[in-house]
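These notes concern the structure reproduced below.
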Amino acid sequence: MMFKKFLSSSLLFLAAVWFAPSSPAAAEQPQNEAKQVVEKLHEALIDVMKHSGQLGYQGRLDNLTPVVQGSFDFPAIAKIIVGRYWGGLSDQDHQTFLDTFTRLSTATYASRFDSYGGESFRTLSVEPQPGGDILVKTELVQSDGTVVKLDYIVRPSDNGQWRILNVIADGVSDLSLKHADYTAVIKNEGYPALIARLNDKISKYAQPAGK
Amino acid sequence: MSVMTLDKQAARTGVGAGGLLIVAFLAGCNTDPTTNSGDDFEGMNRAFYNFNDGLDRHIIKPVAEEYVKVTPQIIRTGVTHFFDNMGYPNVIANDILQGKLKQAWDDTGRFITNSTIGIGGLFDPASGSGLIKHDEDLGQTFGKWGAGEGAYLVLPLAGPNSVRDAPDLFTSALLSPLYYASFAVTFPVGALNAINTRANLLDATRIRDEAALDPYSFTREAYRQNRIYKIYDGNPPVKVEEENLDQGETGVLHVY
């Protein structure tokens, strides 16, 4: 996903209003929470992009880790991605995968959001889905006018907090991509190879050549 | 002239018969392309994928990168518009086949506008007038009629495709004005189309190369997602279903 965004001040204002403790009708509460999770993530990404030069990769990683981990439901995501192989893995393996995958996701964001060029984010709509998930539709408007559609599927995690489960960029589901990718590796090379390859990617992101 | 008429008749009959056969075959298959995360021809597909990848890495990609370096964006945009326009009769035909008659009307207007005012398709004044670009092909038409993917295919040179989507390669060629020019024109112009298309995909392939552990599977899934997105005209059904984790068999996973 190539995001480079700039949150407009009006969205910031509206987000601030919604962050206020006294909330409107109960029915709107989950929608607001879902929206907040997404917009908070976007805010953090913009912030990191704006200061990308002075932060460097490690600084961006340090800044983004708490936000990314607080925005996504990594335990649920990890389980879906490994799919049919999850049941056959030990608890230890579950934890290793979860940790490695979480670190990789954060590293990916820290690596990709490495410069700022006047982009902006737009939240388009918040749509409850049958089954309880909430779809938050946003748009990334780049400086040359190109628009990237970013749809977030948000659902309550184990502790009841609303967390992002999936990002769909221009119609392509990140969860689906990773599921297809990782299960192919497990099938052809085995689970330990998957972990090794993920760690390899993490160290590649951290290398000095990649700002 | 008579040879061309014969060709067109044969093409029409072939497309008609082939189309019926394919829909009948595919209707018997699952109607949701991502239900079967399996890949019936995986061995052969991977072989073609590796072949294409080698060709791409050594020849096509370097040429595309050079093309980007030496050609100003505005010209590349013009080239893209030109080929989009060349392929537009195919969009109109599939609009009609899908019953999207208002869209067929608008798309005809777009084609005429861009071909004339847009000087042979180099420019795109139609978009400014509200006649936006649509994306329809025979594979999407079959999908709209209820056909599933059939089977995922990686074709040599052409790349990711499927049993449902492959016939469009032929029918769209027949509907392109370029097909009817002489070979001396079609070949270099076709090559330009390939290089320009590759150039437009450089960002996407860079992301794939950076993110994917198994580029073959990554590409297959991205292809499938994109096809569903197009069949549903940008509004695919949104649902998340986890695989049946207990049974360990190839499960069902729709994730949008």
Side-chain angles (χ1 to χ4, degrees), chain A residues 1-2 76-77 79-89 104-105 108 111-112 127 129-135 137 144 146 149 151-153 155 165-166 168-189 193-194 196-198 200-201 204-205 210, chain B residues 33-34 37-39 42-43 45-46 49 73-74 77 127 135 152 200 203-204 206-256:
Chain A
M1 299 169 272
M2 300 176 53
I77 292 171
K79 202 168 168 204
I80 293 176
I81 285 179
V82 175
R84 62 184 160 282
Y85 299 104
W86 187 261
L89 295 173
L104 175 63
S105 298
T108 308
S111 168
R112 296 247 179 88
E127 299 171 17
Q129 303 292 305
D133 291 345
I134 291 182
L135 179 65
K137 289 191 172 175
D144 64 355
T146 345
K149 285 172 69 166
D151 295 344
Y152 294 84
I153 296 182
R155 70 155 64 148
L165 188 70
N166 192 12
I168 304 162
D170 277 339
V172 180
S173 153
D174 188 55
L175 207 50
S176 268
L177 280 183
K178 295 211 160 72
H179 169 80
D181 198 9
Y182 293 14
T183 53
V185 174
I186 296 177
K187 179 176 163 212
N188 296 325
E189 299 173 44
L194 173 67
R197 301 275 291 276
L198 294 177
D200 188 49
K201 288 241 176 259
K204 281 211 178 96
Y205 281 131
Chain B
T34 57
S37 58
D39 184 349
E42 183 164 345
N45 285 340
R46 279 191 183 268
Y49 184 89
Q73 173 71 62
I74 190 165
T77 304
S127 289
D135 188 325
Y152 177 69
N200 290 340
D203 281 344
R206 192 161 41 85
I207 290 181
R208 178 200 62 196
D209 291 341
E210 182 203 282
L213 300 180
D214 180 29
Y216 167 82
S217 299
F218 187 96
T219 303
R220 180 186 65 210
E221 187 59 33
Y223 176 78
R224 284 172 163 169
Q225 294 276 311
N226 183 255
R227 293 306 291 169
I228 293 173
Y229 185 71
K230 284 183 177 165
I231 289 168
Y232 287 96
D233 297 322
N235 283 306
V238 178
K239 50 186 168 172
V240 180
E241 274 172 42
E242 291 158 36
E243 290 187 348
N244 189 331
L245 304 172
D246 296 331
Q247 290 182 14
E249 58 192 19
T250 306
V252 167
L253 182 75
H254 315 260
V255 185
Y256 294 113

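In this text the structure is predicted, and so the values were computed from the model without any measurement. Order of the sequence lines fixes the chain letters, A, B, ..., with proteins taken first and strands second; residue numbering starts at 1 for each chain.
- Of the listed residues (A:Asp181, A:Asp200, A:Val172, A:Asn188), the greatest number of heavy-atom pairs within a distance under 4.5 Å of chain B belongs to A:Asp181.
- Taking OG of B:Ser217 as the reference point, atom NE2 of A:His179 lies at 10.0 Å (rounded to 0.5 Å).
- Heavy-atom distances place the side chain of B:Glu42, and not its backbone, under 4.5 Å from chain A.
- Applying the ring-ring contact (aromatic ring centres under 6.0 Å, His included) rule to B:Tyr49 yields the partners B:Tyr216; only residues at least two apart in sequence or on another chain are considered.
- Minimum interatomic distance between B:Glu221 and A:Ala180 (heavy atoms only, all atoms of both residues): CB-CB, 3.6 Å.
- Taking every heavy atom of both residues into account, B:Ala211 and A:Arg112 meet most closely at CB-NH2, 4.0 Å.
- How far CG of B:Leu213 is from CG of A:Leu104: 8.0 Å, rounded to the nearest 0.5 Å.
- One distance of note links CG of A:Asp151 with CG of B:Asn235; it measures 9.0 Å at 0.5 Å rounding.
- Summarising the geometry, atom CG belonging to A:Leu175 is positioned 9.5 Å from atom CD belonging to B:Gln225; distances are rounded to the nearest 0.5 Å.
- Atoms OG and CD, on A:Ser111 and B:Glu210 in that order, are 5.5 Å from each other to the nearest 0.5 Å.
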